[in-house]
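For reference, the structure is listed below as structure tokens.
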Number of protein chains: 2
Amino acid sequence: MVENDKQTEKKIFEAATEVFMEKGMDGARMQDIANRAGINKSLLHYYYRTKDRLFNEVFEMIFGHMLKKFAPVFDADLTLEEKIRFFFREHITFLQKNPRLASFVLHEINRNPERVRNFIGRIDIGRLWTDIEAQHKDELKKSNIRREDIPQLMTSIAAMSVFPFAARVLVKSILEKMGYDFDDYIEKRKEYAAEFVIGAIRKEKGIREKA
Amino acid sequence: MVENDKQTEKKIFEAATEVFMEKGMDGARMQDIANRAGINKSLLHYYYRTKDRLFNEVFEMIFGHMLKKFAPVFDADLTLEEKIRFFFREHITFLQKNPRLASFVLHEINRNPERVRNFIGRIDIGRLWTDIEAQHKDELKKSNIRREDIPQLMTSIAAMSVFPFAARVLVKSILEKMGYDFDDYIEKRKEYAAEFVIGAIRKEKGIREKA
DNA sequence: GTCTATAGAAGGATAGAC
DNA sequence: GTCTATCCTTCTATAGAC
């Protein structure tokens, strides 16, 4: 049945996504994936040949999905501050729905650098970069952000959003021991992170004007 | 030879630390560890019984070492701003010397939450927390930082320092494609991160004074 | 396309000689 | 304490029936 083919392949892919996200490539077992998909182990190989191929397809999907979440930042017709608020709202909500994603991607990236380079190679980052610079030339100048500071700023923004999820278990443990609720903390972070970054940027201007 | 006992045990421990940091618990092979230590596989079991025990000892050492790096923040006789500058200088330098540490710890933490809870259980976090609050009561009030914002601030500080290393391969790939040097970026981050956070905090005051 | 059975390899762990 | 040899389990992958 052709109907069933797609069904099965999809079920396998979804089961594999779950298991790989939970255990990572090295910790995942083909048997677990088969069980979760409700099919036989051999079928995995019938559809995907090897564990490696299956993992690669899953990883590329997830990593691509994650990078896509950054896209609006590069073309939205918004001011820099609006973009920052927009980004944190969307991105943290995305990670909220996929709490294991950050940790999974970071681990697998470091485990196999080649994969990342392949991926990065396919993107025209130079283009995105100059777009950002062009779009916000005035704002960057007003905030006294030099070209060489852009990597610092970009990674700081990513850090504010990703870290709480990447260190989820640790942060959650500590917060709960102090009587805070993790979900509530994340919800509040959408706004906090935006104001934090905007404040940091405004300050660059302030300090240098005084000097 | 008693001399050699310590020698061997230490060599094993060091080799294990390297291999576990590189491959993670699931990806590490006892054979690799034996090879790197220049001894036989059986000796690993002679000294550490199982892979699990060996891993646990390594993990506890690394995790403990990492947490210790946060200690000065809680008792140093410095102002809040001085502490922030001190922290980033010390902590980023520490991660610079152990570039795989962040990624390793984050992965293993999420893979086995129980381990973290054990560890956290042993620390009197409540005490540390109230110390921080007491030490900087006036400064926190001046910057209009409410008690409920402390988790946001603390995780933001950790994020600024840890993220570039946790996402090392990705950040490095992108920066290099744009003509930046990663090591240079990290070196500059020691100061950038501090000023970024201090700016963000000052701003909380500013915004609310205007309103 | 899906299953059962099994090959084949790898890895953790132990026994026993030295 | 250290090595060689080997056991035993687990896991990926394939062969072959239906």
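Each chain gets a letter, A, B and so on, in the order its sequence line appears, and its residues count up from 1.
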Problem set entry | S42(B) side-chain N/O to dT14(C) phosphate OP1/OP2 under 4.0 Å | no

Taking the six-membered ring for Trp and the single ring otherwise, decide whether the centroids of Y47(A) and F13(A) are under 6.0 Å apart. no

| said: Measuring to OP1 and OP2 of dA13(D), would you say a side-chain N or O of Y46(A) lies under 4.0 angstrom away? | reply: no

note: L54(B), atom CG; dG11(C), atom C1'; distance rounded to Å ~ 15 Å

*Per the atom types in the model, does the base of dG11(C) pair as donor or acceptor with the side chain of K51(B) at under 3.5 Å?*
no

When rounded to whole Å, the CG to C1' distance for the pair N40(B) and dA15(C) reads 13 Å

Discussion item. Taking the cut-offs as 6.0 angstrom to the six-membered ring centre and 45 degrees off its axis, would you call R115(B) and F59(B) a cation-pi pair?
Written reply: yes

Checklist entry - For A34(A), which contact category applies under a 4.0 Å heavy-atom criterion: base, sugar-phosphate, or nothing? => result nothing

R53(A) CZ to dT12(D) P, in whole Å, measures 16 Å

Rounded to whole Å, the CD-P distance (Q31(A) to dT4(C)) equals 11 Å

Distance test, side-chain N/O of H45(A) to OP1/OP2 of dT14(D), below 4.0 Å
no

Note to self: Using a 6.0 Å cut-off, check whether atom CZ of R127(B) has over 12 heavy atoms from anything other than its own residue.
What the structure shows: no

Rounded to whole Å, the CG-C1' distance (N35(B) to dA10(C)) equals 14 Å

Worksheet item: Think R29(A) has a side-chain N or O under 4.0 angstrom from the OP1 or OP2 of dT12(D)?
Response: yes

- Give a yes or no on whether the ring-centroid distance for F104(A) and F20(A) is below 6.0 angstrom. no

Ignoring backbone atoms, test whether Y48(B) places a side-chain nitrogen or oxygen under 4.0 Å from the OP1 or OP2 oxygen of dA13(C). no

### dG12(C) phosphate, OP1 or OP2, under 4.0 Å from T50(B) side-chain N/O
no

Next on the checklist: With a cut-off of less than 4.0 Å, is there a side-chain N or O of R49(A) near OP1 or OP2 of dT12(D)?
Outcome noted: no

To the nearest angstrom, the NZ-P distance between K41(A) and dG8(C) comes to 15 Å

Atom CG of D52(B) and atom P of dG11(C) are separated, to the nearest Å, by 17 Å

Rounded to whole Å, CG of L44(A) lies from P of dC3(C) at a distance of 10 Å

### Message
Tell me if the NZ atom of K23(A) is crowded by more than 12 foreign heavy atoms within 6.0 Å.
### Response
no

Among the nucleotides dC3(D), dT12(D), dA13(C), whichever has the atom closest to the side chain of L43(B) is dC3(D)

